[in-house]
Amino acid sequence: MLRQIIFAVTLLITFVIFFYTINRIIGYFRLTKPAFPVKNLWQRSGLMMKVAFGQTKIFRRPVIGFAHALVFWGFCVILAGSIEMVIDGLAGVEKSLRFLGPVHDLIMASGDIFALLVAISIIIFLVRRIFFNIKRFTGIEMKKRSHIDAAAALTLILLLMISLMTMNMGYFGYKEITGGTIEGIYPVARMLITLVPLSAQHSEIIYEASWWTHILTIFFFANYLPYSKHFHVFMSVPNVFLSRLEPLGKLTNMDNITREVRLMLDPDAAFAAAPADAPVERFGVKDAEDASWKNYFDSLSCTECGRCTSVCPANLTGKKLSPRKVMMDLRARMKEKGPSLLKQGKDFNDNRSLLRDFISEEELWACTTCNACAKECPININHPSLIIDMRRYLVLEEASAPGELKAVFNNIENNGAPWQYSAEDRLNWAKDLEININ
Ligand code: SF4
Ligand code: SF4
């Protein structure tokens with residue numbers, strides 16, 4: 001009974017801290033702007049199955065992609081075993097899901113095998129991170145804290161897998177020696193126990209110690225994740241579900257600009273759609289609260305893997321732009337300003353902004369809007385949408401753009417085309433040629 005009480009109290013503390021943190025993070029969504037309506041649920045579900053659960057985009061780098069996919073699938077499989085452990089801990093029983101029969105056997109067997117596969121993958125990841133100079137893991141946005149965070153999360157996952165393997169080994173060894181019924185199938189534990197034979201007493205101690213180590217690491221990990229880049233463990237699947245379904249290159253219209261144009265063309269209809277006393281909105285994105293809920297969701301989901309930056313032509317040609325940094329900056333700025341905005345209201349001003357204090361104009365104008373970053377991102381994050389909206393702020397609110405673009409804007413305004421000639425003069429170059437231009 002004491003064991004159950006200790007377990008229940010620990011579980012309660014875990015839930016309270018977790019939901020406090022999640023509630024705070026979700027609260028920041030109230031500050032964000034609308035994006036697109038979430039429709040086409042079947043199409044979204046299919047995309048989620050393919051990209052998130054099928055891990056299709058990660059296989060563009062087959063070897064390391066396969067190792068990552070193993071970790072993801074392993075987490076999904078091991079989750080079922082973890083749920084059983086929580087029920088066991090609360091009810092004071094052992095293997096509470098054994099009534100599922102063959103399904104329980106399958107859950108235990110796959111969990112046992114995946115624990116080993118995930119542990120091997122994590123060791124490969126750790127060795128790569130620590131001993132190899134992988135370019136993708138470097139960049140101005142990758143501070144020491146990012147590297148420590150990544151190594152800490154990988155170490156915790158490794159501890160989870162090792163404790164799961166030793167727990168199965170202790171359970172299997174104890175039951176086998178004492179002649180008890182073994183609930184489930186444990187191929188890896190069976191192999192390990194032949195390599196390291198244990199007495200019944202040692203098996204029992206290992207089982208008990210590993211059980212608590214495993215479950216407490218899960219509880220700690222769940223509360224560590226929201227403060228870590230590994231928050232993507234929770235966010236990546238829903239982020240893929242909420243992907244933008246339109247073609248990547250398609251620019252969205254700005255509602256407030258559309259309204260202005262309608263106002264010019266048909267004032268009566270436009271006033272009916274938006275009353276004259278409607279609050280004046282900011283054009284584009286200057287700060288975190290101007291970003292859409294999808295931009296913010298993207299930033300929370302980012303794993304900092306650097307796949308986007310590794311294919312960005314601007315970054316590859318030595319420009320300052322890194323699409324990964326854009327996402328990390330939005331997340332950091334919301335974390336910095338969000339609490340005060342929620343407490344003091346939308347008028348709060350700390351004389352800082354996402355634009356310039358985090359992301360410079362130089363970075364924004366370096367983007368070619370090629371969408372390679374969005375195409376490469378394994379969880380369908382869309383960086384260009386935020387970059388374009390930040391540029392829109394610069395142009396529409398500050399009339400700030402590189403000289404070459406200003407000339408283009410002037411030409412469009414004066415000539416109706418980006419060139420410096422009026423429409424009548426556009427074919428002057430062909431006048432002396434012996435061709436019929438009429
Ligand atoms: S869209 Fe912009 S940020 Fe993304 S890869 Fe292309 S140049 Fe880089
Ligand atoms: S935006 Fe996507 S590709 Fe880029 S670092 Fe984040 S998760 Fe990786």
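The figures here come from the full heavy-atom set of this structure, side chains too, leaving out hydrogens, waters and symmetry mates.
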Kindly determine whether Ser400 and Glu361 satisfy side chain to side chain donor-acceptor pair (under 3.5 Å), including the steps that lead there. CA-CA 9 Å; Ser400 171; Glu361 288 181 62; 2.8 Å; yes
Test: Asp287 and Arg333 ion pair at under 4.0 Å: yes
Say whether Thr317 and Lys319, considering side chains only, have a donor N or O and an acceptor N or O under 3.5 Å apart. yes
What is the minimum heavy-atom distance between Gly81 and Ile107, and which atoms define it? N-CG2, 4.0 Å
For Phe36, is the CZ atom crowded, meaning more than 12 foreign heavy atoms sit under 6.0 Å from it? yes
Answer yes if the side chains of Lys33 and Asn295 hold a donor-acceptor pair under 3.5 Å, and no otherwise. no
I'd like to know whether Ser243 forms a side chain to side chain donor-acceptor pair (under 3.5 Å) with Asn380, so could you lay out the CA-CA distance, the side-chain angles of the two residues, the decisive distance to 0.1 Å, and finally the verdict. CA-CA 6 Å; Ser243 300; Asn380 281 1; 3.0 Å; yes
Per the salt bridge (charged side-chain N to carboxylate O under 4.0 Å, His left out) rule, which among Lys286, Arg391, Arg356 passes with Glu398? Arg356
OH/Tyr227: more than 12 non-hydrogen atoms of other groups inside 6.0 Å: yes
Step by step, work out the side chain to side chain donor-acceptor pair (under 3.5 Å) result for Ser96 and Asp88. CA-CA 6 Å; Ser96 51; Asp88 289 357; 2.6 Å; yes
Is the distance between the ring centroids of Tyr28 and Trp293 less than 6.0 Å? no
Side chains of Ser322 and Thr309 only: does a donor on one sit below 3.5 Å from an acceptor on the other? yes
Does any donor atom in the side chain of His232 or Glu304 lie under 3.5 Å from an acceptor atom in the other side chain? no
Residue pair Asn371 / Pro384: nearest heavy atoms and the distance that separates them: OD1-CG, 3.2 Å
Would you say the side-chain atoms of Arg324 and Ser310 include a donor-acceptor pair closer than 3.5 Å? no
His214 pairs by side chain to side chain contact (heavy atoms under 4.5 Å, CB included) with which of Leu164, Asn168, Ile162? Leu164
Looking only at heavy atoms, the pair that brings Ile218 and Ser82 closest together is CD1-OG, 3.5 Å
Residues Lys325 and Phe358: closest non-hydrogen pair is NZ-O, 2.8 Å
Taking every non-hydrogen atom, the tightest pair across Val233 and Leu225: CB-CD1, 4.0 Å
Check ion pair Glu376-Arg60 (N to O, under 4.0 angstrom): yes
Do Asp149 and Arg145 sit within salt-bridge range, that is, some charged N less than 4.0 Å from a carboxylate O? no
Yes or no on side chain to side chain donor-acceptor pair (under 3.5 Å) for Asp425 and Ser422, after CA distance, side-chain angles and deciding distance? CA-CA 5 Å; Asp425 296 338; Ser422 68; 3.3 Å; yes
Looking only at heavy atoms, which two atoms of Met48 and Val237 are closest? And how far apart? SD-CG1, 3.6 Å
